[in-house]
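Numbering starts at 1 and runs along the sequence shown. From a predicted model like this one, the values you see are computed outputs, not experimental measurements.
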Amino acid sequence: MSVPAGEAEGAAGALRPAGASQEESEDEGEVLEESPCGRWQKRNEQVNQGNMPGLQNAFLAMDTEEGVEVVWNELQFADLKAFKAHEEKIKTMFEQLVVVEHPNIVKVHKYWLAMKDSMAQVIFITEYVSSGSLKQFLKKTKKNHKAMNVRAWKRWCTQILSALSYLHACDPPIIHGNLTSDTVFIQHNGLIKIGSVWHRIFANAIPADLHSPVCAGREEPHNLHFFPPEYGHVADGTAVDIFSFGMCALEMAVLEIQSNGDTCVSEEAVERARRSLEDPNMREFILGCLLLNPDKRPSAHSLLFHRVLFEVHSLKLLAAHCFISNQYLMPENVVEEKTKSLDLNMVMAEMQRRGRPPVQWRYSEVSFLELDKFLEDVRNGIYPLMNFASTRPHTLPRAAPQASEDLQNTTPPTPEPFDVETRKVVQMQCSMEWSEEKGQWHLTLLLVLEDRLHRQLSYDLLPTDCPGDLAAELVHYGFIRLDDCEKLGTFLENAFHRHQLAAS
């Protein structure tokens, strides 16, 4: 039985029954199935998956390697013969989805093919976001008789556009095609996650003869207003997503577009919501996205620089990203410690003016609390640097093809290549102790990843070990991402040098 698109929280949102008994909780923790590699364990707890309408089943699962919850999604196909005829195409599609990487997009971690009850089955693991959908948040805000915070509106719009800009800049462009307030999710720290990115790729890649269960959010009457007039009638492009984004931005601004009890939202209701916008810049921004002519709608990248959104100067943002990318060299509370030692009356910047006194800015004029919050937002992905890159297309890296699983039997675990780490290392610490018994150095390395996961690794150093090789080995085994290999090698080299000097 498929799950309707707008009635659920999504990969982002498990609806757990209130007041469940202890016995029921224990049943939910029961492991029903394991992935072929043994890493993911499917639990007896279904989640309502609004970001992928049409899935027969979506279960909460545990990533035993990282110790985090994920979503175990299942797509079943009754016609095994037709499925096998299109198997390579489906695998290629999933290999492309696995390498889609953006802080504001729900991540597809892994997939495999299986055989169950004489049916072909595609199982794929996605990121689990425990917070609710944008629509749910807006309803709660309105229920509490609160108005939308303009700053929050700007931040959410920026993050959604950042994800769309990334997708549209791919070669070929990835069109979301199912962007609604039901497929956008908000984490507790304000980070936006877009689900259903794979929906349109599914719809285009899976042929009709497979009788795919995948349906479009457009089939849900209450979501019809999110789709432009050209949807499904012409060879639409990325402008489809811009229209849908404009409707999301309008709904965020007014909290709810009233349907007056009707099944769907009428054009009159949308028009009333438009007229209620008081900020002229916001009105211009939204109406530009909702133009009926798709050729006249702005691109996601250009919207990021619209005056209603563009508040953070690019130099400030670049400085923040440089600071965070090198934070592994500094203590975790470096901002707090530095600000304590500053003379607040000291001039930090001065602008000379001919014939007039210079304009000076002192440290006392800086809100260090706001600075710390801004750095935390950048660290959490709320201000991605990729927003301000050039618009040249980027080609998604092709994922290494997965080992073909035996469709007839997926019970015995089969070895798989090590998973590639994609999270950035934000902090590194290491200590070295000399073992008299073994006559060698013992290295302990602590790595803090961008999602605050801590990894502690230990190793007995051999005389032939060098920092670069050790860093490369950590990449090979999936402990760090490739982009962090060089800086970890440099970090280890400096640590080795310090301890050798201390010992001599």
Side-chain angles (χ1 to χ4, degrees), residues 2-10 50-51 53-54 132-148 150 153 156-157 160-161 164 175-186 194-196 199-200 203 215-234 236-298 303 308:
S2 63
V3 179
E7 299 177 2
E9 286 188 356
N51 71 324
S133 67
L134 173 61
K135 177 162 283 185
Q136 289 172 323
F137 181 88
L138 296 177
K139 283 184 177 179
K140 289 177 185 175
T141 304
K142 185 173 183 180
K143 186 178 179 180
N144 294 330
H145 306 288
K146 293 181 180 178
M148 169 54 65
V150 176
W153 179 87
W156 293 350
C157 284
I160 296 171
L161 285 171
L164 291 180
I175 300 169
H176 188 289
N178 193 35
L179 188 68
T180 71
S181 55
D182 285 314
T183 62
V184 176
F185 307 99
I186 306 173
I194 294 179
S196 193
H199 181 273
R200 188 181 179 94
C215 63
R218 184 176 169 83
E219 294 175 20
E220 294 298 318
H222 65 275
N223 280 336
L224 282 173
H225 60 293
F226 285 97
F227 298 88
E230 76 271 15
Y231 188 93
H233 297 292
V234 296
D236 49 23
T238 55
V240 166
D241 290 341
I242 301 303
F243 186 94
S244 300
F245 162 75
M247 202 61 73
C248 286
L250 177 61
E251 194 167 27
M252 286 191 290
V254 300
L255 295 181
E256 184 183 14
I257 303 176
Q258 294 281 358
S259 60
N260 294 327
D262 298 330
T263 308
C264 58
V265 175
S266 65
E267 290 184 17
E268 291 77 15
V270 174
E271 185 57 35
R272 282 197 302 272
R274 289 175 175 178
R275 288 198 299 267
S276 69
L277 297 172
E278 297 178 0
D279 187 317
N281 288 330
M282 186 184 290
R283 186 186 304 114
E284 178 199 21
F285 176 82
I286 292 174
L287 295 186
C289 298
L290 298 178
L291 290 170
L292 296 182
N293 185 345
D295 296 331
K296 292 187 177 180
R297 293 175 206 148
L303 285 169
V308 78

Hey, could you give me the [atom1]/[atom2] distance between [X] and [Y], rounded to the nearest 0.5 Å?
{"X": "E256", "Y": "S181", "atom1": "CD", "atom2": "OG", "value": "10.0 Å"}
{"X": "K135", "Y": "I186", "atom1": "NZ", "atom2": "CD1", "value": "13.0 Å"}
{"X": "T180", "Y": "I194", "atom1": "OG1", "atom2": "CD1", "value": "10.5 Å"}
{"X": "I286", "Y": "N281", "atom1": "CD1", "atom2": "CG", "value": "11.0 Å"}

Would you say the side chain of [Y] lies within less than 4.5 Å of the side chain of [X], judging by non-hydrogen atoms?
{"X": "L179", "Y": "L164", "answer": "yes"}
{"X": "V240", "Y": "P294", "answer": "no"}
{"X": "H176", "Y": "S196", "answer": "yes"}
{"X": "W156", "Y": "L134", "answer": "yes"}
{"X": "F245", "Y": "F226", "answer": "no"}
{"X": "C289", "Y": "F243", "answer": "no"}

Run F227 and N178 through side-chain contact (heavy atoms from CB on, under 4.5 Å) and show every step you take. CA-CA 8 Å; F227 298 88; N178 193 35; 3.9 Å; yes
On a heavy-atom basis, which atom in [X] and which in [Y] lie closest, and how many Å separate them?
{"X": "D182", "Y": "S133", "result": "O-CB, 4.0 Å"}
{"X": "F285", "Y": "C157", "result": "CE2-SG, 4.5 Å"}
{"X": "L290", "Y": "R274", "result": "CB-NH2, 3.6 Å"}

Without swapping roles, check the side chain of [X] against the backbone of [Y] for a donor-acceptor pair under 3.5 Å.
{"X": "Y231", "Y": "L224", "answer": "no"}
{"X": "W153", "Y": "A249", "answer": "yes"}
{"X": "R297", "Y": "I242", "answer": "no"}

Is the closest basic N to carboxylate O distance between E271 and R275 below 4.0 Å?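 Counted as a salt bridge, because a side-chain N and a carboxylate O are separated by less than 4.0 Å.
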Partner of P280 under side-chain contact (heavy atoms from CB on, under 4.5 Å), chosen from R283, M282, E284: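 Only one option passes, and that is R283.
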The criterion is side chain to side chain contact (heavy atoms under 4.5 Å, CB included); which residues satisfy it with I257, sequence neighbours excluded?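 Only H225, M247, L250, E251, V254, V265, A269, V270, A273 meet the side chain to side chain contact (heavy atoms under 4.5 Å, CB included) criterion with I257.
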Please enumerate all residues that pass side chain to side chain contact (heavy atoms under 4.5 Å, CB included) together with N144, with sequence neighbours excluded.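 Counting only residues at least two positions away or on another chain, N144 forms a side chain to side chain contact (heavy atoms under 4.5 Å, CB included) with K146.
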Hey, is NZ on K140 packed in by over 12 heavy atoms from elsewhere, all under 6.0 Å?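 Result for NZ/K140: open.
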